[in-house]
Number of protein chains: 2
Amino acid sequence: MACSSTTVKVPVPTLERLANYLRFLHNLEQDRVETISSAEVERQTGINAAQFRKDLSYFGEFGKPGVGYNVSELNQRIARILQIDQEQRVIIVGAGNLGSALVGYPGLKEHKFNVVAVFDNNYAKIGRYLWNLEIYDISRLQEINAELRARIGIVAVPAPVAQSVADQLLAANICAILNFAPTVLRVPDGTVIRNVSFMQELAVLSYHLSADHLEDVGVSVDGISE
Amino acid sequence: MACSSTTVKVPVPTLERLANYLRFLHNLEQDRVETISSAEVERQTGINAAQFRKDLSYFGEFGKPGVGYNVSELNQRIARILQIDQEQRVIIVGAGNLGSALVGYPGLKEHKFNVVAVFDNNYAKIGRYLWNLEIYDISRLQEINAELRARIGIVAVPAPVAQSVADQLLAANICAILNFAPTVLRVPDGTVIRNVSFMQELAVLSYHLSADHLEDVGVSVDGISE
DNA sequence: TAGATTGTTAATCGATTAACAATC
DNA sequence: TAGATTGTTAATCGATTAACAATC
């Protein structure tokens with residue numbers, strides 16, 4: 001099998017928060033804050049202090065009792081845990097609007113995610129450039145990634161072709177996929193997938209606009225407001 | 001207060017799955033499948049059958065014991081629960097690459113999310129068109145939404161201005177925000193926020209590529225492989 | 001030392017899943 | 001009726017949070 005499996009022990013929500021901590025710590029560093037306690041993290045971000053400490057505890061000891069955490073040290077160690085202290089090469093499949101927006105997204109480079117190639121199956125696009133990257137024929141994915149050795153692939157294609165694209169990514173030795181297509185990708189164990197679904201997000205928002213399940217939490221005239 | 005509070009009873013993960021069920025049911029409908037059982041849903045999507053039934057149970061009764069669920073009826077009822085059976089007007093703030101990709105995203109219209117206005121603070125962009133929508137001055141947000149009455153706002157601006165944009169959205173009577181900026185928005189109770197963070201997703205993928213916590217799950221030579 | 005704050009254990013909370021009586 | 005499958009209750013699982021001994 002191309003991708004090894006993980007012995008899951010760190011909860012996924014913890015990993016998600018780690019990325020947030022990094023953002024927060026980065027801001028603190030810019031403000032020249034040298035030390036921070038978990039209580040102060042809670043005050044400033046709303047994240048429970050115990051959770052902050054627990055999240056970190058999966059990876060070792062980071063603070064000094066009675067003192068707190070050294071901001072820049074913590075920053076570096078979390079970046080290291082998430083492997084974003086070193087360049088991560090990324091491939092994007094789909095040179096449409098979304099693919100284009102992603103390639104042009106400045107945040108990627110800032111966090112050492114380096115988009116090294118873009119692929120598409122549209123002959124009108126192949127050979128043209130997206131920003132400074134040539135758009136390659138998707139059929140050359142395996143060949144080209146044998147060189148580039150990217151390990152993360154982004155699927156930014158329409159749903160009907162997403163599964164086929166995922167299969168090709170796996171064949172090209174990609175073990176981690178960020179999927180923007182509105183479809184469930186079937187992949188072998190050991191492949192990590194994260195899905196981003198705009199429609200799902202909007203649907204959740206939309207639900208909360210419904211009047212049915214809304215109630216004023218304030219004064220209830222003569223009934224019991226639960 | 002502009003936005004009323006919710007009496008939370010439906011778990012958020014349930015709402016998220018509801019959007020997925022919709023996608024799945026849509027596919028079934030296209031394949032002319034009329035009835036489906038929760039066991040078959042599990043077989044085809046991997047979602048636990050009991051969970052499927054439990055998710056639905058928050059909203060009433062949808063199936064017939066011994067028979068299953070009527071695909072198109074279930075489809076309609078879930079769409080109704082999520083309020084995406086009717087037009088939802090959406091405002092986008094930020095006419096950059098991401099805003100542009102979102103306005104041009106065909107899935108939005110398909111699901112009755114109608115982008116009715118785009119705003120930006122860049123004078124070079126104001127007055128120009130993004131697809132078929134004029135880009136308005138962000139300072140006119142309140143005035144213009146008094147007309148348009150959109151209730152969902154999408155924040156597609158850089159992090160440093162995201163909070164200010166969110167505040168302006170709230171002032172313009174928007175109670176639900178989809179935030180693409182890599183920052184935590186502080187909003188009053190009753191406002192619903194969903195965050196989409198590409199960096200967070202990539203960081204979680206990146207973590208899983210690390211060798212430290214990876215192990216082969218295959219044959220273990222003489223130890224116990226758990 | 002006294003005060004502060006950590007890392008971790010134990011308690012709580014909530015979500016997932018198994019089991020089953022009700023019912024088509 | 002017998003078989004199938006629902007909706008729901010109870011059991012399990014896992015994540016969040018409170019509490020506290022250890023320690024700077």
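Chain identifiers are assigned alphabetically (A, B, ...) following the order of the sequence lines, protein sequences preceding nucleic acid strands; residue numbering begins at 1 within each chain. Below, each value reflects all heavy atoms present in this structure, side chains not excepted, and no hydrogens, waters or symmetry copies.
Using a 4.0 Å cut-off between a side-chain N of Lys or Arg and a carboxylate O of Asp or Glu, R89(B) and E87(B) qualify as a salt bridge.
Taking the nucleotide of DNA chain C with the nearest heavy atom to each of G63(A) and A50(B), the more 5' of the two is matched to G63(A). Map L56(B) and K54(A) each onto its nearest nucleotide of DNA chain D; the residue landing nearer the 5' end is L56(B). Both G66(B) and S57(B) lie near DNA chain D, and the one whose nearest nucleotide falls closer to the 5' end is G66(B).
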When Watson-Crick pairs (N1 to N3 and N6-O4 or O6-N4) and G-U wobble pairs (N1-O2 and O6-N3) count only below 3.5 Å on both distances, what is the dot-bracket string of DNA chain D, with | for other-strand pairs? ..||||||||||||||||||||||
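Residue contacts shown for T14(B) are absent, as no nucleic acid heavy atom lies under 4.0 Å away. Residue contacts shown for Q51(B) include a base, since a base heavy atom lies under 4.0 Å away.
Remark: the backbone N or O of L148(A) is not paired with any side-chain donor or acceptor of N145(A) at under 3.5 angstrom. Between the side chain of E73(B) and the backbone N or O of Y69(B) there is no donor-acceptor pair closer than 3.5 Å.
Residues L82(A) and L22(A) are in side-chain contact: their nearest non-hydrogen atoms beyond the backbone lie under 4.5 Å apart.
Taking a heavy-atom distance under 4.0 Å as the criterion, the stretch of DNA chain D touched by chain B extends 5' to 3' from dA4(D) to dT9(D).
Inspection of the D55(B) and Y21(B) side chains reveals an N or O donor paired with an N or O acceptor under 3.5 Å.
Taking the six-membered ring where the residue is Trp, the centroids of F113(A) and Y105(A) are separated by 6.0 Å or more.
Of all the heavy atoms in N97(B) and A101(A), the pair that sits closest is O-CB, 3.6 Å.
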V196(B) vs E201(B), test: side chain to side chain contact (heavy atoms under 4.5 Å, CB included). Steps then yes/no. CA-CA 9 Å; V196(B) 174; E201(B) 302 300 334; over 6 Å; no
